[in-house]
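Please read the structure below before turning to the comments.
Note on naming: letters A, B, ... go to the chains in the order of the sequence lines (proteins, then strands), and numbering restarts at 1 for each one.
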Number of protein chains: 2
Amino acid sequence: MGQPQPRTQSARQRVAFHLRVIRAERRISQEQLAEAAGLHRTFVGAVEREERNISIDNLERLATALDVDVSLLVSPVVRRS
Amino acid sequence: MGQPQPRTQSARQRVAFHLRVIRAERRISQEQLAEAAGLHRTFVGAVEREERNISIDNLERLATALDVDVSLLVSPVVRRS
DNA sequence: ATGTAGACTCAAGTCGACG
DNA sequence: ACGTCGACTTGAGTCTACA
């Protein structure tokens with residue numbers, strides 16, 4: 001029944017992490033990302049700091065703005081060995 | 001630049017779909033799922049009908065209740081050929 | 001067992017300003 | 001370019017009740 005769940009992070013942590021990494025890769029600022037996603041700068045910042053509980057709709061808008069699939073943003077953070 | 005995004009569903013649709021399928025597999029009712037996730041029955045129903053925009057925290061609670069990873073709930077719905 | 005509806009609460013999300 | 005704060009509005013999530 002059910003896959004063995006190895007130590008995993010909270011969904012919030014995953015989102016925050018992926019946003020930071022992808023944003024760094026793309027070399028865009030929080031402001032630019034917020035702009036592209038139609039969200040407010042302060043809110044995106046708060047999400048990256050894991051302070052806020054983003055909705056699935058807005059998570060999708062961020063994913064679209066970053067040109068990645070939504071599922072990537074909630075995917076487990078790989079533990080570099 | 002970003003993977004070619006084949007025709008994809010909204011994140012909301014994905015969640016709704018996966019909830020219905022997994023719930024059917026587990027043979028549990030919306031009420032039982034809601035109970036297990038600590039959410040209200042009417043709300044879970046509304047999410048399955050794509051009427052409501054669930055937050056990432058509560059999506060995670062549903063995933064935990066179903067013993068699956070959160071990312072599965074937002075993963076693309078496979079098109080049976 | 002699910003859908004609907006209405007009334008309610010509090011947090012999601014906006015916005016402007018300052019460090 | 002980002003964090004923070006405060007005031008504000010809207011919508012997520014609860015709950016009771018009826019079909």
Side-chain angles (χ1 to χ4, degrees), chain A residues 1-2 9-75 77, chain B residues 1-2 9-75 77:
Chain A
M1 0 195 38
Q9 321 81 5
S10 74
R12 230 191 247 218
Q13 289 175 323
R14 292 183 183 183
V15 170
F17 179 86
H18 286 116
L19 285 183
R20 286 224 133 103
V21 170
I22 301 174
R23 207 163 54 68
E25 288 172 359
R26 305 280 196 283
R27 313 275 168 114
I28 61 177
S29 65
Q30 290 181 348
E31 283 179 300
Q32 290 172 315
L33 173 56
E35 165 82 9
L39 294 175
H40 201 87
R41 200 209 107 211
T42 56
F43 179 66
V44 173
V47 170
E48 285 195 357
R49 272 172 268 120
E50 299 169 32
E51 288 172 5
R52 289 194 180 249
N53 178 22
I54 195 172
S55 72
I56 190 78
D57 281 7
N58 283 333
L59 190 65
E60 183 168 37
R61 302 180 74 171
L62 287 176
T64 303
L66 290 169
D67 194 30
V68 296
D69 193 271
V70 200
S71 57
L72 179 65
L73 296 183
V74 291
S75 68
V77 173
Chain B
M1 2 187 27
Q9 321 81 7
S10 74
R12 230 191 246 218
Q13 289 175 322
R14 292 183 182 183
V15 169
F17 179 86
H18 286 117
L19 285 183
R20 285 226 133 103
V21 171
I22 300 173
R23 206 162 55 67
E25 288 172 358
R26 304 283 197 282
R27 312 278 169 113
I28 61 177
S29 64
Q30 289 181 352
E31 283 179 298
Q32 289 171 316
L33 173 56
E35 165 82 9
L39 294 175
H40 201 86
R41 198 211 110 210
T42 56
F43 179 67
V44 173
V47 170
E48 285 195 358
R49 271 172 269 121
E50 298 169 33
E51 288 172 5
R52 293 205 179 238
N53 178 22
I54 195 172
S55 72
I56 190 79
D57 280 8
N58 283 333
L59 190 66
E60 184 169 35
R61 302 181 74 171
L62 287 177
T64 302
L66 291 169
D67 194 29
V68 296
D69 193 88
V70 201
S71 56
L72 180 65
L73 296 182
V74 292
S75 68
V77 174

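In 5' to 3' order, the nucleotides of DNA chain D bounding all contacts with chain A (an atom under 4.0 Å from a heavy atom) are dA1(D) to dT4(D).
Residue Gln30(B) places at least one side-chain N or O closer than 4.0 Å to OP1 or OP2 of dG3(C).
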Derivation and outcome, side chain to side chain contact (heavy atoms under 4.5 Å, CB included), residues Leu59(B) and Val47(B): CA-CA 10 Å; Leu59(B) 190 66; Val47(B) 170; over 6 Å; no

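For the pair Leu73(A) and Val74(B), the minimum side-chain heavy-atom distance is 4.5 Å or more.
Here Glu60(A) contributes atom CD and Gln13(B) contributes atom CD; the two are 8.5 Å apart, rounded to the nearest 0.5 Å. The distance from the CD1 atom of Ile54(B) to the CD1 atom of Ile56(A) is 8.0 Å, given to the nearest 0.5 Å.
For Asn53(A) (side chain) and Ser55(B) (main-chain N/O), no donor-acceptor pair under 3.5 Å exists by modelled atom type. Within the 3.5 Å criterion, the main-chain N or O of Phe43(A) finds no donor-acceptor partner in the side chain of Arg52(A). The closest donor-acceptor contact from the side chain of Arg20(A) to the backbone of Glu48(A) lies under 3.5 Å. A donor-acceptor pair is defined here as one N or O able to donate and one able to accept, closer than 3.5 Å; such a pair exists between the side chain of Arg61(B) and the backbone of Ala37(B).
Dense packing is recorded around CD of Gln32(B), with more than 12 heavy atoms of other residues, nucleotides or ligands lying under 6.0 Å away.
Look at Glu50(A) and Arg12(A) and you find no salt bridge, because none of the NZ, NE, NH1 or NH2 atoms lies under 4.0 Å from a carboxylate O.
Comparing the start and finish of the helix from dT2(C)-dA19(D) to dG19(C)-dC2(D), five pairs each, the helix axis swings through 50°, to the nearest 10 degrees.
Residue Arg27(A) is out of contact with every strand shown, counting any heavy-atom pair closer than 4.0 Å.
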Nucleotide-resolved protein contact map, nucleotides 11-19 of chain C, B/S/- at heavy-atom distance under 4.0 Å: -BBBBBB--

